[in-house]
Number of protein chains: 2
Amino acid sequence: MRLTRAAEYAIRCMLYLSRQGQGVLTSRQEIAQQADIPTHFLAKIAQDLAKAGLIEIRQGARGGFILRKNPAAITLLEVVETMIGEISLNDCIARPAGCKVSYHCAVHRVWLDARDQLRNTLRQVNFEQLITDASCFLPSLHMPLEPKRLETIVSSRTDPQ
Amino acid sequence: MRLTRAAEYAIRCMLYLSRQGQGVLTSRQEIAQQADIPTHFLAKIAQDLAKAGLIEIRQGARGGFILRKNPAAITLLEVVETMIGEISLNDCIARPAGCKVSYHCAVHRVWLDARDQLRNTLRQVNFEQLITDASCFLPSLHMPLEPKRLETIVSSRTDPQ
DNA sequence: AATATATGAGACCTTATTAATCCTATTTAT
DNA sequence: ATAAATAGGATTAATAAGGTCTCATATATT
């Protein structure tokens, strides 16, 4: 798996829309500017997000994007996989046909497990949690926030290291 | 992070050498053939493995590669990161300088945690465990599971190629 | 010492993917 | 009707991956 720039932008876009709130219309220009995303690139990304049902796109004058779901109902995994497809850590998992021995390979199993673990982690994070303390925008641009700790967000998981 | 082909080949190579056993010399040709790795590509990969102290390379006639550590002491993480560098799931983590807001970004924290989790998972797997039941070679190609002794290898090297 | 064999190291090429941009069409508020 | 905004596909640019080639170097064998 590789988090592409498109995926990073998508996350930023969804974060911004989540801040605005479900159902609020925001112009592409504003999002692009505030979240530091190339405008044209954002247009393409938005199409994927719209296909996935995450946002609605309004054309025409006073057009823009609208968050269609409650931020709490949108997981990080959902947004990521909308952009890059189902996560898999290696080709052997993504295209088992290309691997002659995947069926009875111990390494294969490890990658499968690791992938599941990663997907579960990302699935446990939703955008309501993220906007509570996320500031993936320039400090000068984003609105004031209480500096809450993320530990509350990920506390259900075992702390690594 | 992206598991490149070079990393997959490196794992196969290390698996093969682990089967042979620590200290056993095996020719590059044999490994390449048995583990289905382009010979020249394997040469390049081996250099990285050697730099990391995982194998020793013998040049000259009857040259080849030798496993320098006990398979039980070699983790999957070690081999993977030798090939692709320290694992990180997105650029924001790998090159924080490029991300203007990484310090106080909740998403950033999630990626950090996910990365640590993944690295820990891969760190818990060693090559002794893997060879116990791994068969990442073609069933028809790979040899019996008992590791060869050095004498056996040297004396049976009369066959051409 | 000479020769054959095997790998070292890095340059080089080819292809694939990513990232971004451009242009024309379409939609919608006023 | 007009202006404002996005749609959607084509195109380009940059980067990285995967693999190959060549010459240099090391070593066993005779």
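Given the structure is predicted, the values throughout are model-derived calculations rather than measurements. Below, each value reflects all heavy atoms present in this structure, side chains not excepted, and no hydrogens, waters or symmetry copies. Convention: sequence-line order gives letters A, B, ...; per-chain numbering from 1.
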Students often get this wrong, so: under 4.0 angstrom with heavy atoms, is A:A6 touching a base, only sugar-phosphate, or nothing?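 Result for A:A6 = sugar-phosphate.
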
State whether [X] places a side-chain N or O below 4.0 Å from either non-bridging phosphate oxygen (OP1 or OP2) of [N].
X     : N      : answer
B:R58 : C:dA6  : no
A:R5  : D:dA14 : no
A:Q47 : D:dG8  : yes
B:Y9  : D:dG19 : yes
A:Q29 : D:dA4  : no

N/O donor-acceptor pair, side chain B:K44 with base C:dG10, under 3.5 angstrom: no

Check whether the side chain of B:Q59 and the base of D:dT27 form a donor-acceptor pair under 3.5 Å. no

State which of [options] makes the closest approach to the side chain of [X].
X     : options                : result
A:S27 : C:dA29, D:dT6, C:dT7   : D:dT6
A:R28 : D:dT29, C:dA29, D:dT6  : D:dT6
A:I57 : C:dT21, C:dT7, D:dA7   : D:dA7
B:H40 : D:dC21, D:dG18, D:dT29 : D:dC21
A:F65 : C:dA19, D:dT6, C:dG8   : D:dT6

Output side-chain donor-acceptor pairs under 3.5 Å for residues 23-30 of chain A, partner residues at least two apart or in another chain, one line each.
from: A:T26; atom 1: OG1; to: A:Q20; atom 2: NE2; distance (Å): 3.1
from: A:S27; atom 1: OG; to: A:E30; atom 2: N; distance (Å): 3.0
from: A:E30; atom 1: OE2; to: A:Y16; atom 2: OH; distance (Å): 2.7

Spacing between [X] atom [atom1] and [N] atom [atom2], to the nearest angstrom:
X     : N      : atom1 : atom2 : value
A:I37 : C:dA19 : CD1   : C1'   : 14 Å
A:I31 : D:dT6  : CD1   : C1'   : 12 Å
B:I84 : D:dG18 : CD1   : P     : 11 Å
A:I45 : D:dT6  : CD1   : C1'   : 15 Å
A:I66 : D:dT6  : CD1   : C1'   : 13 Å
B:E8  : D:dA17 : CD    : P     : 14 Å
B:I55 : C:dG8  : CD1   : P     : 8 Å
B:L42 : C:dA9  : CG    : C1'   : 15 Å

Assess the side chains of B:Q117 and A:T121: does a donor N or O sit below 3.5 Å from an acceptor N or O?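 Indeed, the side chains of B:Q117 and A:T121 share at least one donor-acceptor pair under 3.5 Å.
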
I want to confirm an ordering. Mapping A:T26 and B:F41 to their closest nucleotides on DNA chain D, which one lands closer to the 5' end?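 The 5'-side residue here is A:T26.
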
Out of B:V79, B:T132, B:T75, which residue meets the side chain to side chain contact (heavy atoms under 4.5 Å, CB included) rule with B:F127?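 By the side chain to side chain contact (heavy atoms under 4.5 Å, CB included) criterion, B:F127 pairs with just one of B:V79, B:T132, B:T75: B:V79.
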
From the options A:L49, A:L54, A:L42, select the one residue that forms a side chain to side chain contact (heavy atoms under 4.5 Å, CB included) with A:F65.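 Going through the options one by one, the only one that passes is A:L42.
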
I'd like to know whether A:K69 forms a salt bridge (Lys or Arg N to Asp or Glu O under 4.0 Å) with A:E78, so could you lay out the CA-CA distance, the side-chain angles of the two residues, the decisive distance to 0.1 Å, and finally the verdict. CA-CA 12 Å; A:K69 300 172 69 173; A:E78 205 175 344; 2.7 Å; yes

Closest-nucleotide 5' rank along DNA chain C - winner of A:T4 and A:G60: A:T4

Of all pairs that satisfy ring-ring contact (aromatic ring centres under 6.0 Å, His included), the ones with a partner from residues 21-59 of chain A, not counting sequence neighbours: A:Y9-A:F41

